[in-house]
Structures are given as C-alpha cells and as structure tokens.
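Note that the structure is a prediction, hence the values are computed from the model and not measured.
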Amino acid sequence: MYNTRMTCLPCDFYLRTAPEVARALLGMRLVRDLDGSRISGKITETEAYDGEADLACHARSGKTTRNAVMYGPPGRAYIYFTYGMHWCLNVVTGAEGSPAAVLLRAILPLEGLELIVSNRKGLPENKWTDGPAKLCKALAIDGSLYGAALCETGSPLRIEQDKPVTDGEVVVSPRVGIQYAPEPWLSKPWRFRLMSE
DNA sequence: ATCTAGATGACCT
DNA sequence: GGTCATCTAGATG
C-alpha cells in the first residue's frame with residue numbers, strides 16, 4: 001500500500017547522476033497547483049542530460065542565462081522554450097556546480113482532468129500528455145515556473161512520492177531529437193519509458 | 001497506420 | 001542565418 005501521495009520526494013533524491021534519477025522518477029507523481037486546484041499525473045517517460053561533456057545537453061556550451069539553474073542545487077525546475085512555441089520541463093540533478101537534468105517526456109493524467117481537458121481542447125485523451133511540450137501545456141507549465149523547487153511541499157510545481165516501478169516494466173533506449181549530437185552521446189541509453197499495457 | 005510541412009522565436013556561431 | 005531535447009493538421013496507403 002502506497003499511501004504516500006502528499007509526500008514530496010526529498011531534494012536528496014536528485015543528488016545522483018541524471019540517468020539514475022531518470023530511471024527512479026518513473027512511477028512518481030508530477031503535481032501542479034493551479035489556483036488551489038490540483039492537477040497531477042504519473043511520470044511515464046524521462047530522458048537524462050548529463051553535464052557539459054554530454055554534447056546533447058543544453059550545458060554543452062557552458063553556463064548561460066537559459067541553463068543557469070542547471071548549475072544550481074538539485075530538485076529545481078529547468079524550463080526552456082523551443083521551436084518558437086513549446087515549453088519543456090526538466091528536473092535538475094547532481095551536486096551544485098555540475099549541470100545535469102532529467103527531461104520529463106510523458107505522464108499519465110491522474111487528477112484535475114477537467115483542467116487538463118480545457119488546456120488541451122479538442123484533442124483525444126491519449127494525446128493530452130504524451131510529449132514533453134504536451135504535458136507542459138496540459139499542466140499550464142511555462143517560464144514563470146523556472147527554478148521552482150520541485151522537492152518542496154507548497155511549491156506550485158512539485159514531484160510527490162508514489163509507487164515505484166519494477167525493471168521489468170521499463171524500456172531503455174537512446175534519446176530522441178538529438179540527431180546533431182556525435183557518438184557516443186547519440187546512442188547513450190538514457191531514455192526511460194514505462195511500458196503501456 | 002505512417003509521412004510531411006509549417007508554425008514561430010530564442011539561442012548560438 | 002541556421003538550428004532547435006516539438007506538435008499538429010492534413011495527405012496518403
């Protein structure tokens with residue numbers, strides 16, 4: 001029995017390498033507090049981006065205004081804007097000073113369904129939160145939440161402990177959308193997915 | 001089912 | 001000026 005819904009994962013949870021955190025986040029619950037209403041979903045897909053050496057990571061060119069939060073303490077939100085219209089959400093991992101993060105790529109809606117519906121108007125249910133920019137739209141996540149402490153109760157955006165998943169339910173594969181990256185980064189098995197039934 | 005084109009602006013060289 | 005950790009609608013088999 002996992003009656004741990006309201007417990008945030010502690011900041012120390014993120015004090016590991018990005019691939020370790022990416023794997024461990026599967027099954028946990030992403031929670032958005034919006035005007036007193038609760039929207040949440042089970043994390044079902046993640047990707048790890050691991051430091052300046054990782055030539056697919058946004059920190060590959062050093063510290064900038066955009067990626068600065070990755071250089072800070074773990075457990076905070078690195079949110080970036082891309083393709084002229086999309087927001088994407090990451091969790092910062094590792095010790096302060098070492099830039100790394102985990103991209104949240106998909107969730108399964110659990111609470112606040114009526115708000116998700118209104119944010120994803122007209123689309124079929126299976127397309128509500130099955131991509132990194134889609135889940136941000138569904139949960140009303142944008143740049144105003146940059147740096148939010150995901151490991152603190154009371155934060156408008158946080159990650160709560162939930163039922164862990166077994167290795168048998170997890171599919172590991174290379175990261176997507178980084179064709180520009182050279183080997184070995186292109187093929188690093190740092191994408192983690194929960195199998196769907 | 002799978003493919004393609006266009007959106008649209010911040011970021012980097 | 002080219003690229004981008006993407007998404008959607010529309011076309012086609």
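A 4.0 Å heavy-atom criterion places the boundary nucleotides of DNA chain B facing chain A at B:dA7 to B:dT13, written 5' to 3'.
Cluster note: A:Leu55 groups with A:Trp185, A:Trp190 through ILVMFWY side-chain heavy atoms spaced under 4.5 Å, whether in direct contact or through intervening members.
A:Ile79 places its CD1 atom 16 Å from the C1' atom of C:dT6, with the value rounded to the nearest Å. One can place OH of A:Tyr83 at 17 Å from P of C:dG2, the figure rounded to the nearest angstrom.
Although no hydrogens or angles enter the test, the distance criterion places a donor-acceptor pair under 3.5 Å between the side chain of A:Glu183 and the main chain of A:Ser187.
Here the shortest heavy-atom pairing between A:Asp54 and A:Tyr49 reads OD2-CA, 3.5 Å. Closest approach of A:Leu145 to A:Leu157, counting heavy atoms only: CD1-CD2, 4.2 Å. Listed here is the closest heavy atom pair of A:Arg175 and A:Glu47: CA-OE2, 3.4 Å.
Nucleic acid contact class of A:Lys134 (heavy atoms, under 4.0 Å, all strands): sugar-phosphate only. Within 4.0 Å of A:Arg60, counting heavy atoms only, lies no atom of the nucleic acid at all. Backbone-only contact: A:Ala133 has heavy atoms under 4.0 Å from sugar-phosphate atoms and none from a base. Using a 4.0 Å heavy-atom criterion, one finds that A:Ile178 contacts the sugar-phosphate atoms exclusively.
By the 30° and 60° cut-offs, the orientation of the rings of A:Trp87 relative to A:Phe81 is tilted.
When the SG-SG distance for A:Cys151 and A:Cys8 is compared with the 2.5 Å cut-off, it comes out at or above that value.
Stacking between A:Tyr80 and the base of C:dA5 is absent under the criterion of ring centres within 5.5 Å and planes under 30 degrees.
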Within the sub-3.5 Å range, which N or O atoms of nucleotides 11-13 of chain C have a protein N or O partner, and how far apart are they?
none

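In this structure, A:Arg16 satisfies the cation-pi test against A:Phe13, with its NZ or CZ atom closer than 6.0 Å to the six-membered ring centre and inside 45 degrees of the ring normal.
Using a 4.0 Å cut-off between charged side-chain N and carboxylate O, A:Arg38 and A:Glu111 make a salt bridge.
The stretch residues 133-155 of chain A participates, sequence neighbours left out, in these side chain to side chain donor-acceptor pair (under 3.5 Å) pairs: A:Asp130-A:Lys134, A:Asp142-A:Ser144. Among residues at least two apart or in separate chains, there is no ring-ring contact (aromatic ring centres under 6.0 Å, His included) pair with a member in residues 101-120 of chain A.
If A:Lys127 and A:Val176 are placed on DNA chain C by their nearest nucleotide, the residue sitting closer to the 5' end is A:Val176.
Dashed line: the shortest gap from a side-chain N or O of A:His86 to OP1 or OP2 of C:dC7 is not under 4.0 Å.
Stem regions for DNA chain C, each three or more consecutive Watson-Crick or G-U pairs with both distances under 3.5 Å and listed by first number, read B:1-7 with C:6-12, B:9-12 with C:1-4.
Taking atom P in both C:dT3 and B:dA5, the straight-line distance is 16 Å, to the nearest Å.
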